[in-house]
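Each chain gets a letter, A, B and so on, in the order the sequences are listed, and its residues count up from 1.
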Amino acid sequence: MAKNTQYDHNTIEEHWHGVWEETQLFQDTLATADPNKESLYLLFAFAYPSGQGLHVGHVESKTALDILARFNRMHGKTVFFPVGWDAFGLPAENYAVKTGVHPAETTRNAIDTFRRQIKRVGISYDWKSEIATSHPGYYKWTQWLFLELYKKGLAYQGTGQVNWCPSCQTVLANEQVVDGKCERCDSEVIQKEMKQWYFKITDYKDELISGLDQVDWPKATKLQQLNWIGKKTGINITYQVDDIDAKITVFTTRPDTNYGATFLVLAPEHEFVKTIVDGKLETPQVEQVREYLAKAQKKTELERQQEGRNKTGAFTGFYAVNQLTNRKMPIWISDFVLSGFGTGAVVGVPGHDLRDFEFAKAFDIEVLRVVVGPDGDTSPITSVDQVQEDVGKMINSGFLDGVEIAEAIESMMDYLEEKGWGKRVTTFKLRDWLISRQRYWGAPIPIVYDPEGKPHPVKEEHLPWTLPTDVDFKPTGESPLTSSKEFQDRVEKLYGPGWRPEYDTMDTFVDSSWYYLRYVSARDESQFSDPERLAKYLPVDFYMIGPEHIVLHLLYSRFFTKFLRDLGYLKFDEPFLAMRHQGMILGPDNKKMSKSKGNVINPDDIIQKFGADTLRMYEMFMGPIESDKPWDISAVAGVYRFLQRVLSLVEAVRLTGSETPDHPDYLTVRRKLHQTIEKVSKDIPARKYNTAIAALMECVNVWEKASRDKAVVLPESEVLAFIQIMAPFAPFMTEELYQRGRETSEFSSVHQTEWPSFDPEMAAEDMIELPVQVDGKVRAKLRVAATDAAEEAKVISQAQANEVITKWLDGKTVVKTIYIPGKILSFVTK
RNA sequence: GCCGAGAUGGCGGAAUCGGUAGACGCGUGGGUCUCAAAAACCCAUGAGCCAAAACUCGUGAGGGUUCGAGUCCCUCUCUCGGCACCA
């Protein structure tokens, strides 16, 4: 056979890239789609076009989807596989602050780079439906969506404590604060009271939970969403404040221990605290309350967290009465109680809640035991390890004595409700979504204010409400749009003198939470998306997305989907039917790739040296898509060698020209080929690309050996089948091999051919190797004709005739014989 | 602390309705070719014992169920991800 056929990957890949561009292969899918064909919508979480360009992680997830796309096209489906850009965002704006280059220009250049790189990797996107969120044709509809929410009362202005990043000079959503720091720049986030725009995502909280039953997502992802929504059932208990006309309601999930309640704690922001500070309620402790409040408000989120479990607090001078015991419980304030959760007030049961115990110890409050400890311990609780939270029988608890905790919870809730002292409630951790951003590079919020400062929606005929360009980017703490003269003039001209625009822009997550709806009619100027196409192609069949988007993007997207469904625009409840996450590609040092560590692999370099086919195939071969895995440059070369061998092998077949289907070893190769077709056909839909590639390699190993040692030459149809099953992985080289074997000059791609079928008969082995165990240990392997595998008696007698088995059975009594047809034969002796 | 995922040769990983552990690739050792080297190709490659065959051990640790456990059950350790003074 011909050795070392030159594998000139750059020439091959650039050539076919050019041909595909010219012939518009797989472009404008929906306009040309056959309505009778089954359709498949594959979606990649669109990327922020950063100045760094494409990285190997992008290549991984894009290739994974591209393989699915090509495979399904070859199965006759209409595959919708669009691409776009999450183009608004901070990096371009920060770059503008530093250099003065307008974000629009930075973004345009970055997109151009990405587009070029993605095409070079051979991702078969439909570029006709490309979108960018920063394009007025797109954000017009983002603004339209805002107005629809506004009309329904789901976009509202609220004043409250917000997360403020002093470095980005903007507010952040709760979801964007990570460990008390800004997720973008790691600056410490502070709390600020501001008037901002919110979306009422909490209206959908129940459905955001129940809808998860409809989708095929990783279990862990669903749990994480549930966790974030944080549904909890408990009871609100209302206590009378002693001596004055006031009541305080606490939320608790554990009313069972209420006989052990000895104090109340209020969040610093609690209404009752306000009345004290305002002097409406007289107490000798007013000064210390004020002092504590002042201190608490100054703390940043981070400082609060760093305090850890150390309890601070102040006594208000008031007492609440526990109806169960008539005990007067001192009312304290402390910042460990959060105003946003429950009622902003808790009842302290120090004997059976770790936190309450710590608080009681810090301020010398009485601790009562109401649950029997392990080994029947009923002594007073004096140390932390006696604080028993979850299990045990009630004691000192009146009618609950002797009852297990779980049962006591329900009994007590019933009792409190019966008495009118409490009411069962459900609470959620999920807050409304704060969408105002004091930044430039985003979609302007389509709101204008009249001279009295009252907000009005921008009229729909004024959409897109364009982002002004005469803006000073330098962050001042005020929105950059404040500096635009054009923006101000526009508003006064359209709405009247004294009117002013809303200067804030929308969180970029607003842009990215509905893009998958826009793709199907990306150029439509009359509506946000085409109803017919939405009905036909949505919801998304398969979504590939990084694990970092689990909480924010998915939650917001699901909210929009449900909202638009309620308006009648959509006929489905969930936007993404199936979803998986790609793992991270780590540097060769097994660490996350970063410029500072100098371990970044640039896909351009790999393509230059080995080609896009190698890059794709290597990344798919590294391991399961879902797991993190380190880059290994010599393994890349291994994949390159494989491709080179394929090229040589196929070339050799064609140069030889004479097939040898009558060769005795031909059947071995054909069997392997059919086994490989079967394996690859099963592995691709399951996205087990690493094992599919391993199978392709095995096939080549067998084929090559037969070709070299035995001069076996496969018929052209079988060579073609191999090329076809490899095509989704290595689109360039397979196109080259396919075209070399064709006679006609009219272009038709290997990627448009029909996927080869495998013949189970041809794939079947005629001899199998059957392990034989004696007492659980494999002692011999029998060669059994496949046709005999089902005949137990025949197999057993063959085993008993085996020399090694005889030796092991010698002098022993076989008490049991187990035969799993075709799998294993096991003798058990005494 | 709580929730989730995971731990398999020198490395990445195969194999989980319980049935030959280590497919495939990398690396390593030896060889062919060459004046030499590179490339390419061939052979070997879990550990122990060993001339070889055979045998013994072996999937984070310890127990258990089973004829048989990487896979199932219990306990534990470590790593990664998420949440966290959430009442």
Worked verdict on A/Tyr292 versus A/Ser334 for side-chain contact (heavy atoms from CB on, under 4.5 Å): CA-CA 8 Å; A/Tyr292 182 77; A/Ser334 173; 3.8 Å; yes

base_contact_polar (B/rA87 base, A/Arg254 side chain, donor-acceptor, <3.5 Å): no

A/Lys232 vs B/rC86: side-chain N/O to OP1/OP2 distance below 4.0 Å: no

Side-chain donor-acceptor pair present, A/Thr829, A/Asp775, cut-off under 3.5 Å: yes

Same-atom distance (C1') from B/rG30 to B/rC67, integer angstrom: 42 Å

A/Val646: which of A/Asp613, A/Leu696, A/Val700 passes side-chain contact (heavy atoms from CB on, under 4.5 Å): A/Val700

Distance below 4.0 Å between A/Arg779 side-chain N/O and B/rU20 OP1 or OP2: no

Touch class at under 4.0 angstrom, heavy-atom based, for A/Ala635 against every strand present: sugar-phosphate

Residue whose nearest RNA chain B nucleotide is more 5′ - A/Pro630 or A/Val346: A/Pro630

C1'-based separation of B/rG22 from B/rG70 [nearest Å]: 11 Å

Sugar-phosphate only, base, or nothing, as touched by A/Gly230 at under 4.0 Å among non-hydrogen atoms: nothing

A/Arg355 vs B/rC86: side-chain N/O to OP1/OP2 distance below 4.0 Å: yes

Length of the line joining A/Leu696:CG and B/rA23:C1', which is rounded to integer Å: 14 Å

Check: B/rC67 base within 3.5 Å donor-acceptor of A/Ser826 side chain: yes

Distance-only polar pair, side chains of A/Asn236 and A/Thr238, donor-acceptor under 3.5 Å: no

Phosphate OP1/OP2 of B/rG25: any A/Asn701 side-chain N/O under 4.0 Å: yes

Row check, A/Trp703 ring normal vs A/Lys672 NZ/CZ: under 6.0 Å, within 45°: no

Nearest-angstrom distance from the residue atom NZ of A/Lys311 to P of B/rA87: 14 Å

Interatomic distance, A/Lys672 NZ vs B/rA23 P [rounded to whole Å]: 13 Å

Shortest side-chain distance from A/Phe341, nucleotide among B/rA87, B/rC24, B/rG82: B/rA87

Among B/rA5, B/rA15, B/rG19, the one nearest A/Thr691 by side-chain distance: B/rA15

Residue mapping more 5' on RNA chain B - nearest nucleotide basis, A/Asp775 or A/Met622: A/Met622

Donor + acceptor pair across side chains of A/Glu698, A/Gln675 (<3.5 Å): no

Touch class at under 4.0 angstrom, heavy-atom based, for A/Lys781 against every strand present: base

Sugar-phosphate, base or nothing in reach of A/Val337, heavy atoms under 4.0 Å: base

Nucleotide nearest A/Lys629 when distance is taken to its side chain, options B/rC67, B/rG13, B/rU20: B/rG13

N or O in side chain of A/Lys688 less than 4.0 angstrom from B/rA15 OP1/OP2: yes

Phosphate-side-chain proximity, A/Asn690 and B/rG25, N/O vs OP1/OP2 below 4.0 Å: no

Sugar-phosphate, base or nothing in reach of A/Pro218, heavy atoms under 4.0 Å: nothing

A/Lys311 to A/Phe336, cation-pi by 6.0 Å centre distance and 45° axis angle: yes

side-chain N/O A/Arg783 vs B/rU20 OP1/OP2, d < 4.0 Å: no

Pair of N/O donor and acceptor under 3.5 Å linking B/rC83 base with A/Lys429 side chain: no

For atom CZ of A/Phe621 and atom C1' of B/rC26, their distance in whole Å: 9 Å

Distance-only side-chain donor-acceptor flag, A/His581 / A/Thr221, under 3.5 Å: yes

Sugar-phosphate only, base, or nothing, as touched by A/Asp356 at under 4.0 Å among non-hydrogen atoms: nothing

A/Arg645 vs B/rA40: side-chain N/O to OP1/OP2 distance below 4.0 Å: no

B/rA21 versus B/rG58 - spacing of their P atoms, nearest Å: 12 Å

Distance below 4.0 Å between A/Lys219 side-chain N/O and B/rA5 OP1 or OP2: yes

Donor-acceptor pair between A/Thr233 and A/Thr426 side chains, under 3.5 angstrom: no

Base-pairing assignment for B/rG58 (Watson-Crick or G-U wobble, both under 3.5 Å): none

Mate of B/rG68 where both pairing distances stay under 3.5 Å, Watson-Crick or G-U: none

Sugar-phosphate, base or nothing in reach of A/Lys592, heavy atoms under 4.0 Å: nothing

Side-chain N,O (A/Arg708) to OP1/OP2 (B/rC42) below 4.0 Å: yes

Closest nucleotide among B/rG27, B/rG4, B/rC83 to the A/Trp228 side chain: B/rC83

Rounded P spacing from B/rU59 to B/rA69 in Å: 11 Å

Gap between atoms CG and P, on A/Leu354 and B/rG1 respectively (whole Å): 11 Å

Separation of atom CD in A/Glu548 from atom P in B/rC80, rounded to whole Å: 19 Å

Sugar-phosphate, base or nothing in reach of A/Glu698, heavy atoms under 4.0 Å: sugar-phosphate

Listed nucleotide nearest any side-chain atom of A/Arg641, set B/rC67, B/rC26, B/rA14: B/rC26

Rounded distance in Å between the C1' positions of B/rC17 and B/rG68: 16 Å

Quiz item: A/Gln224 side-chain donor-acceptor pair to B/rG81 base, under 3.5 Å: no

Phosphate OP1/OP2 of B/rC55: any A/Trp808 side-chain N/O under 4.0 Å: yes

G-U wobble or Watson-Crick pairing nucleotide for B/rA44 (cut-off 3.5 Å, both distances): B/rU28

Separation of atom CG in A/Leu586 from atom C1' in B/rG81, rounded to whole Å: 13 Å

Ring center gap for A/Tyr618 and A/Tyr640 short of 6.0 angstrom: no

Sugar-phosphate, base or nothing in reach of A/Leu338, heavy atoms under 4.0 Å: base

A/Tyr618 OH to B/rG25 C1', straight-line distance once rounded to whole Å: 10 Å

